[in-house]
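Report on the following structure.
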Amino acid sequence: MTQSFATNPRQAAMTEARELLTQAVNTAMEKGLLPAAELPEFIVEVPADVKNGDIASNLALAGARAFKTAPRKIAEAIVECLPTLEGSLFQRVEIAGPGFINLFLSDVYFADIVRAAASRDDFGRTDFGQGKKINVEFVSANPTGPMHLGNARGGALGDCLAAVLDWAGYDVTREFLINDAGNQILKFGKSLAARYRQHFLGEEAVPFPEDGYQGEDIKLRASQFAQEVGDKYLNASDEELQKAITAFALPKNVQGLKDDLGKYRIQYDVWFSETTLHESGAVKAVVDKLTEMGATYEKDGAIWYRSTKYSAKYGVNKKKTADGEEEEKDEVLVRANGIPTYFAADIAYHYNKFAVRGFDRAIDIWGADHHGHVARMKGALDAIGLDGEKLDVVLMQLVRLVRDGQPVRMSKRTGKAITLTDLLDEVPIDSARFLFNMREPGSQMEFDLDLAVKEDSDNPVYYVQYAHARICSILKKLAEEGIEFAGLDNCDTSLLTEPAERELIRHIGNFPAEIINAAKNYDPARITRYVVELATLYHKFYNACRVKDAESGLCQARMALCLATKNLLCSVLQMFKIRVPESM
């Protein structure tokens with residue numbers, strides 16, 4: 001078994017098929033069966049229906065013009081000149097229709113997949129990413145209040161995407177940007193200060209800011225501050241009070257985010273504070289560098305970034321005007337009062353990722369409402385001398401929560417908008433992490449609360465967990481009856497030739513390629529769907545092919561297939577931080 005086969009059987013088969021066909025067509029030209037011509041571009045692929053072949057190629061059809069010959073005759077010449085298939089991954093080749101060439105995989109191919117997957121608990125890991133450093137930033141909720149339902153989807157998506165990228169061979173850093181600077185923190189401080197004074201003087205005596213944060217969490221933090229310091233700041237200036245109460249409340253809120261995300265089984269490698277960019281002078285340095293590059297200008301006392309110039313490459317950068325129309329617009333970096341905008345800090349933050357910390361690529365997971373920010377952020381990286389193409393933004397659509405088929409917008413407990421903690425109080429974490437990854441990020445999704453709490457095969461995560469528990473139970477019962485697995489060295493996996501066996505094995509062999517495709521497309525939902533199909537094919541195999549009652553050699557081979565399936569089920573569930581039960 002070659003290293004390339006062990007790490008990616010499907011790709012190994014497609015690569016070998018291309019090599020065999022290329023060798024055959026060159027031989028056909030040497031023998032005069034085909035006229036000398038430049039080898040055309042051709043496709044080698046896994047067809048949707050493998051009944052007529054495991055690998056298909058359009059080489060003969062693609063070569064019709066180059067060889068000035070009917071595709072069927074080209075195909076016949078190629079097949080005639082194929083080198084011996086002995087020792088290859090294929091057992092036979094057929095011509096179909098007008099000239100399609102179909103290759104059928106050998107028994108050895110299927111046997112070796114079972115051996116590879118049964119002997120390794122990391123089958124599917126590849127070196128596709130070549131150890132490149134990749135930063136995945138996700139959730140990054142404002143620390144001014146509780147996390148909302150969208151963060152539940154973003155958290156599961158970001159964490160599972162990071163896991164897939166790790167399995168695909170990247171050096172992955174999970175990162176949370178703490179937005180602890182800017183207008184939202186000023187508003188946070190004003191809201192807390194008002195609630196603190198109301199704590200002593202009453203709500204009617206102290207006006208609350210019109211744009212203040214109204215949540216109960218603000219009242220709680222203000223009350224906690226009052227309990228700790230008493231009325232010490234009651235007569236202090238607004239500035240002094242806001243500074244003190246923000247310094248008290250902000251770390252508690254950040255810790256609350258860490259606790260809630262930890263409960264959701266998300267652990268970040270880096271919690272990056274936006275404030276550090278301002279305190280270190282990084283924001284000013286980035287504005288100065290953009291000015292040096294000719295990417296800014298002054299207007300009305302402010303420093304503007306030439307966004308319309310640099311963002312055009314990535315799409316039109318539009319912003320809504322006062323009358324609701326969208327128009328292209330440059331961006332303010334530093335206001336007339338000398339205070340940098342959030343956009344300036346965001347440029348500095350991404351500059352830090354690439355120029356300071358040396359990431360090869362950065363992935364940001366944003367809500368779909370931030371789509372207008374993508375082009376200007378990528379353009380800003382170009383403007384500052386970096387490469388905007390190295391920033392990828394995954395835009396995530398909102399979640400619609402439903403119960404009994406009806407939308408749910410408010411928490412039963414609080415009567416307020418549903419938060420991440422509300423959801424996790426009601427829904428098992430396994431279900432939340434799995435179900436939020438059933439759809440690609442850019443699709444609208446409904447999260448069915450009734451489905452999420454079900455403990456039957458209707459719930460996809462329960463269905464997958466049950467498949468793993470079922471295999472554990474089968475192997476345990478066999479052992480109790482004295483039937484132990486004798487090991488792969490004493491097992492002939494080429495005996496697995498039944499259609500249900502082959503279908504399951506083929507799917508197992510596709511796992512490394514699915515990991516790579518999920519990493520390429522930033523879509524971990526591919527793996528969620530893959531493992532649901534794996535469970536389905538296992539149940540189908542088990543119902544069609546008895547393990548215990550098979551003759552000894554076949555029983556051992558089927559036990560090996562059970563172990564291979566069990567390993568993959570375990571790998572995916574652990575990858576996505578979902579429990580792997582051995583009994584249910």
Side-chain angles (χ1 to χ4, degrees), residues 139-155 176-229 231-234 236-261 271-275 278 335 339-343 345-346 366-367 369-370 373 398-399 401 409-425:
V139 180
S140 295
N142 284 339
T144 54
M147 285 179 287
H148 55 73
L149 193 60
N151 300 134
R153 185 181 191 186
F176 187 109
L177 173 63
I178 307 170
N179 295 294
D180 53 3
N183 286 333
Q184 78 277 5
I185 299 301
L186 293 174
K187 188 191 298 185
F188 182 56
K190 289 178 181 178
S191 304
L192 288 165
R195 293 304 188 199
Y196 170 76
R197 286 180 170 141
Q198 288 177 352
H199 178 83
F200 293 101
L201 304 174
E203 292 190 11
E204 294 182 1
V206 182
F208 192 78
E210 286 186 12
D211 61 346
Y213 293 122
Q214 298 279 353
E216 291 298 315
D217 55 298
I218 297 293
K219 290 183 178 180
L220 174 62
R221 289 285 182 249
S223 176
Q224 290 171 341
F225 183 67
Q227 290 171 15
E228 181 157 314
V229 303
D231 62 358
K232 176 181 175 181
Y233 290 93
L234 190 57
S237 67
D238 289 346
E239 183 179 356
E240 184 182 359
L241 170 57
Q242 289 167 22
K243 182 178 179 181
I245 200 167
T246 299
F248 169 85
L250 193 57
K252 286 181 166 50
N253 275 20
V254 171
Q255 187 59 51
L257 295 176
K258 291 180 179 181
D259 292 344
D260 290 345
L261 289 164
W271 287 79
F272 192 102
S273 166
E274 182 189 344
T275 295
H278 294 275
R335 302 178 184 90
I339 298 175
T341 61
Y342 178 77
F343 184 47
D346 209 15
W366 297 344
D369 56 331
H370 288 81
H373 190 53
L398 296 176
V399 179
L401 208 61
R409 295 186 178 88
M410 295 296 168
S411 166
K412 283 185 176 180
R413 180 168 55 85
T414 65
K416 303 291 184 181
I418 293 172
T419 65
L420 172 63
T421 51
D422 290 331
L423 182 73
L424 297 184
D425 284 344

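This structure is a prediction, so every number in the text was calculated from the model and none was measured. Index from 1, following the sequence.
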Taking the side chain as every heavy atom from C-beta outward, state whether [X] and [Y] have any pair of such atoms under 4.5 Å apart.
| X | Y | answer |
| --- | --- | --- |
| Val254 | Asp180 | no |
| Tyr342 | Asn179 | yes |
| Tyr196 | Val229 | yes |
| Val139 | Phe176 | yes |
| Gln255 | Pro251 | no |
| Leu423 | Leu401 | yes |
| Leu220 | Phe225 | no |

When rounded to the nearest 0.5 angstrom, what distance separates [atom1] in [X] from [atom2] in [Y]?
| X | Y | atom1 | atom2 | result |
| --- | --- | --- | --- | --- |
| Ser140 | Ile178 | OG | CD1 | 9.0 Å |
| Asp260 | Leu424 | CG | CG | 8.0 Å |
| Ser191 | Arg221 | OG | CZ | 14.0 Å |
| Asn183 | Asn142 | CG | CG | 11.0 Å |
| His199 | Gln227 | NE2 | CD | 6.5 Å |
| Leu201 | Asp231 | CG | CG | 9.5 Å |

Which atoms form the tightest heavy-atom contact between [X] and [Y], and what is the distance?
| X | Y | result |
| --- | --- | --- |
| Ala181 | Thr275 | CB-OG1, 3.9 Å |
| Thr144 | Ile218 | O-CD1, 4.0 Å |
| Ala194 | Pro207 | CB-O, 4.1 Å |
| Ala141 | Met147 | CB-CG, 3.7 Å |
| Lys187 | Gly212 | CG-CA, 4.2 Å |

Between [X] and [Y] (side chain of the first, backbone of the second, donor and acceptor by atom type, cut-off under 3.5 Å), is there such a pair?
| X | Y | value |
| --- | --- | --- |
| Glu274 | Ala345 | no |
| Ser223 | Lys219 | no |
| Gln198 | Val206 | yes |
| Asp422 | Thr419 | yes |

Query raised in the report: Run the side-chain contact (heavy atoms from CB on, under 4.5 Å) check on Leu177 and Trp271 step by step: do they pass?
Result: CA-CA 6 Å; Leu177 173 63; Trp271 287 79; over 6 Å; no
Query raised in the report: Does atom NZ of Lys258 have more than 12 heavy-atom neighbours, drawn from other residues, nucleotides or ligands, at distances under 6.0 Å?
Result: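 Counting other residues, nucleotides and ligands, NZ of Lys258 exceeds 12 neighbours.
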Requested in this report: For the pair Gln224 and Phe248, evaluate side-chain contact (heavy atoms from CB on, under 4.5 Å) and give the outcome as yes or no after the intermediate values.
Outcome: CA-CA 9 Å; Gln224 290 171 341; Phe248 169 85; 3.9 Å; yes
Query raised in the report: Can you check side-chain contact (heavy atoms from CB on, under 4.5 Å) on Leu420 and His148, steps first, answer last?
Result: CA-CA 5 Å; Leu420 172 63; His148 55 73; over 6 Å; no
Query raised in the report: Is Arg195 close enough and on-axis enough to Phe208, meaning under 6.0 Å and within 45°, for cation-pi?
Result: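 Yes, a cation-pi geometry holds between Arg195 and Phe208.
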Report task. Begin with the C-alpha distance, continue with both residues' side-chain angles, and end with the deciding distance and a verdict on side-chain contact (heavy atoms from CB on, under 4.5 Å) for Phe188 and Leu250. Result -> CA-CA 9 Å; Phe188 182 56; Leu250 193 57; 4.1 Å; yes
Query raised in the report: Between Lys190 and Glu210, is the closest basic N to carboxylate O distance under 4.0 Å?
Result: no
Query - NZ/NE/NH1/NH2 to OD/OE distance under 4.0 Å, Lys243 and Asp238 - result: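 The answer is no: the pair does not qualify as a salt bridge.
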Requested in this report: Give the ring-plane orientation class for His373 versus Trp366, where under 30° counts as parallel, over 60° as perpendicular and anything between as tilted.
Outcome: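 Rings of His373 and Trp366: tilted, as their planes differ by 30° to 60°.
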